[in-house]
Number of protein chains: 2
Amino acid sequence: MTVTLADVAAHAQVSPATVSRVLNGNYPVAAATRERVLRAVDELDYVVNGPASALAAATSDLAGILVNDIADPFFGIMASAIQAEIGGSGGRAGCERLAVVCNTGGSPEQELKYLTLLQRQRAAAVVLTGGAVTDAPHAAAVAAKLRKLTDGGTRVVLCGRPPVAGTGAVTLTFDNLGGARAVTDHLVALGHRRIGCIAGPAERTTTRHRLEGHRLALAAAGIEEDARWTVHGRFDRRSGYEGALELLRRDPSLTALVAANDSVALGACAALRDSGLRIPDDVSVTGFDDLPCSIDAVPALTTVRLPLAEAGARAGRLAMGREDAPGDGTASVRGELMVRGSTEAPRE
Amino acid sequence: MTVTLADVAAHAQVSPATVSRVLNGNYPVAAATRERVLRAVDELDYVVNGPASALAAATSDLAGILVNDIADPFFGIMASAIQAEIGGSGGRAGCERLAVVCNTGGSPEQELKYLTLLQRQRAAAVVLTGGAVTDAPHAAAVAAKLRKLTDGGTRVVLCGRPPVAGTGAVTLTFDNLGGARAVTDHLVALGHRRIGCIAGPAERTTTRHRLEGHRLALAAAGIEEDARWTVHGRFDRRSGYEGALELLRRDPSLTALVAANDSVALGACAALRDSGLRIPDDVSVTGFDDLPCSIDAVPALTTVRLPLAEAGARAGRLAMGREDAPGDGTASVRGELMVRGSTEAPRE
DNA sequence: CTGTTAGCGCCTTCAC
DNA sequence: GTGAAGGCGCTAACAG
């Protein structure tokens with residue numbers, strides 16, 4: 001039936017052990033023998049049995065990347081960079097890693113499920129991307145699972161989420177607070193005093209930190225926040241549309257809208273347009289992340305650029321052990337304010 | 001060290017076989033025994049060794065989804081739907097499949113590499129999404145690989161690409177030709193006669209079929225195509241920007257631009273705006289796919305809606321054997337013309 | 001219903 | 001530099 005290593009050995013007239021050695025390249029083998037084996041592999045069209053070798057070697061060549069929403073380019077861009085770095089280790093045909101992305105859909109249960117599945121596969125590395133859920137029991141469950149993974153020899157990297165103490169996970173966190181602070185500082189500097197905020201899901205760290213940055217900026221400017229000025233939603237366009245409508249219903253005098261991310265901001269823009277309001281003349285709008293679509297908005301979105309691809313690449317290298325972890329295991333990645341056409345001083 | 005099935009058996013005072021049986025649920029076990037085993041699993045915090053069970057059972061619970069560009073929502077949406085259908089088979093904790101997406105970056109070599117990796121893992125199913133490369137040697141290599149996969153018991157599904165004869169792969173192809181035909185028919189009906197086309201990469205089936213549909217529409221209208229009216233690029237915004245500029249340089253009298261997809265169309269819109277041209281007053285623009293972003297364009301994009309999520313879900317079910325394949329193994333998925341603000345009759 | 005017995009295909013000491 | 005032998009952890013017939 002299916003060709004095994006023993007078949008190759010017979011064909012090449014060597015022992016199975018020798019075939020194994022040339023395939024794994026971790027051992028000296030005479031050049032002539034190697035040639036013969038390689039030829040046999042080719043002729044028989046042999047493909048290693050992954051599970052068998054993983055079992056025997058107690059390690060697998062699988063690496064998992066967890067994302068909250070694979071249809072969102074925010075994650076796609078990171079995942080792409082991570083995968084390129086992990087899978088692209090141009091080596092011999094036998095040495096590649098299977099870098100693989102798993103979509104949790106933002107669900108804590110799915111996240112845990114995938115971590116278990118990856119643990120079961122004895123994955124060599126796991127990268128968790130994007131904001132975490134702050135719900136205490138779940139956070140504890142994830143922390144416990146991460147600890148077990150690292151204990152089992154799996155390298156764990158957190159990319160774009162806060163560090164989790166005591167897990168042995170290397171972390172690249174995004175400076176969401178600083179970025180959000182910069183955005184609102186910018187609006188305040190333009191003269192805005194009544195700023196609505198369309199925040200993300202209340203239970204996610206990303207939302208919390210961005211909201212906190214926003215509030216710090218308001219406080220620094222001596223602006224007292226009105227409870228009506230904040231709504232929560234998801235990280236999608238629709239939430240932006242509905243959020244903008246709701247905020248303007250609550251307080252039509254708002255002169256600016258700070259959105260949880262670019263998709264939300266685009267939704268908000270659509271709502272403003274549909275309400276007959278002009279951007280930025282009537283209302284300024286800001287996004288976050290600087291995804292490709294933010295530049296196609298009319299007017300282009302003022303936002304915070306997060307170096308997603310760079311961060312992903314670095315996370316990938318960390319996961320492969322090809323780059324040393326920062327001293328304390330955690331590094332912060334800063335965003336950069338991109339001022340574009342969607343913000344302007346409020347009218348008189 | 002790490003807990004094994006034997007440990008659980010000892011703890012529960014049953015044989016390893018029994019533990020295996022309750023974990024896999026494919027065999028009758030007394031309720032009391034099952035309880036005992038489950039408790040032991042819990043107390044010992046046991047996690048199945050995936051490679052070992054895959055080896056013994058000669059099947060794995062891994063399913064792969066290949067995409068050309070994970071940062072492109074076109075693939076993200078499909079992958080999300082596929083993964084939900086494959087991974088979400090809410091069963092007991094032991095029965096889930098690891099649905100996993102692999103990003104080929106559109107590279108034929110990567111595609112083959114991932115297929116080999118998946119073959120090595122003895123994947124239960126593989127779904128290939130998006131257009132294929134028409135390059136003959138590569139197409140043959142992929143066909144051969146697919147045949148080997150199906151021979152080895154892996155279920156193979158093609159989603160959004162043409163069928164590959166003799167491989168045993170079930171296919172869901174997109175009616176790119178029909179969709180493109182409808183778009184250009186629409187423009188022609190509006191009165192356009194000089195229509196530029198920003199096509200995708202020349203070597204991909206998606207590009208070919210869309211181009212063919214476009215040309216059929218032109219031919220049907222008795223419009224003789226000018227060779228200057230077509231440029232090729234990638235499926236991204238930038239290609240759209242540059243393509244639009246190039247086409248207008250070649251022939252400033254064009255009154256409409258047909259783009260390879262929505263991203264390309266958005267890029268073209270940006271180029272037109274930057275050139276001081278109004279959409280659709282000066283130039284009409286059309287996209288393809290109807291991604292979420294297409295509705296945020298100003299004006300909203302006339303495009304062809306492809307039911308990506310539905311197609312993905314169906315592909316996922318086919319991959320799981322939860323839905324019967326169409327009679328001849330191939331089904332065509334049609335797109336729907338969405339007429340929006342970006343197209344209009346040309347000015348006098 | 002449950003225990004026993006063989007492997008699944010490969011890696012890895014150990015000898016030669 | 002190469003072969004021989006044991007075992008990785010689990011499943012799948014068999015018996016009972």
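Every chain is numbered from 1, with letters handed out A, B, ... down the list of sequences. Remember, it's a predicted structure, so these values are computed and weren't measured experimentally.
Residue B/S60 holds its OG atom at 10.0 Å from CZ of B/R122, rounded to the nearest 0.5 Å.
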Do B/R161 and B/E111 pass the salt bridge (charged side-chain N to carboxylate O under 4.0 Å, His left out) test, and can you show the C-alpha distance, the side-chain angles, and the key distance before you say yes or no?
CA-CA 14 Å; B/R161 69 167 61 186; B/E111 182 170 272; 3.3 Å; yes
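The phosphate of D/dG9 has neither OP1 nor OP2 within less than 4.0 Å of any side-chain N or O from B/T4. Applying the 4.0 Å criterion to OP1 and OP2 of D/dC8, one finds that B/N49 has every side-chain N and O outside that range.
Between A/Y27 and B/A57, the residue whose closest nucleotide on DNA chain C is further toward the 5' end is B/A57.
Using a 4.0 Å heavy-atom criterion, one finds that A/S20 contacts the bases of the nucleic acid, with or without backbone contacts as well. Using a 4.0 Å heavy-atom cutoff across all strands shown, A/A30 reaches sugar-phosphate atoms only and no base atom. Looking at heavy-atom distances under 4.0 Å, B/V19 makes no contact with the nucleic acid at all. Among the atoms of the strands shown, base atoms are found under 4.0 Å from some heavy atom of A/L55.
Distance from the side chain of A/T33 is smallest to D/dG1 among D/dA4, D/dG7, D/dG1.
At whole-Å resolution of the value, CZ in B/R21 and P in D/dC14 are 14 Å apart. One interatomic measurement links the two molecules: CG of B/L23 to P of D/dA12, which rounds to 13 Å at whole-angstrom precision.
Heavy-atom contacts of chain B under 4.0 Å fall on DNA chain C between two terminal nucleotides, which in 5' to 3' order are C/dC1 to C/dG9.
Between B/C159 and B/A311 the shortest heavy-atom distance is SG-O, 4.0 Å.
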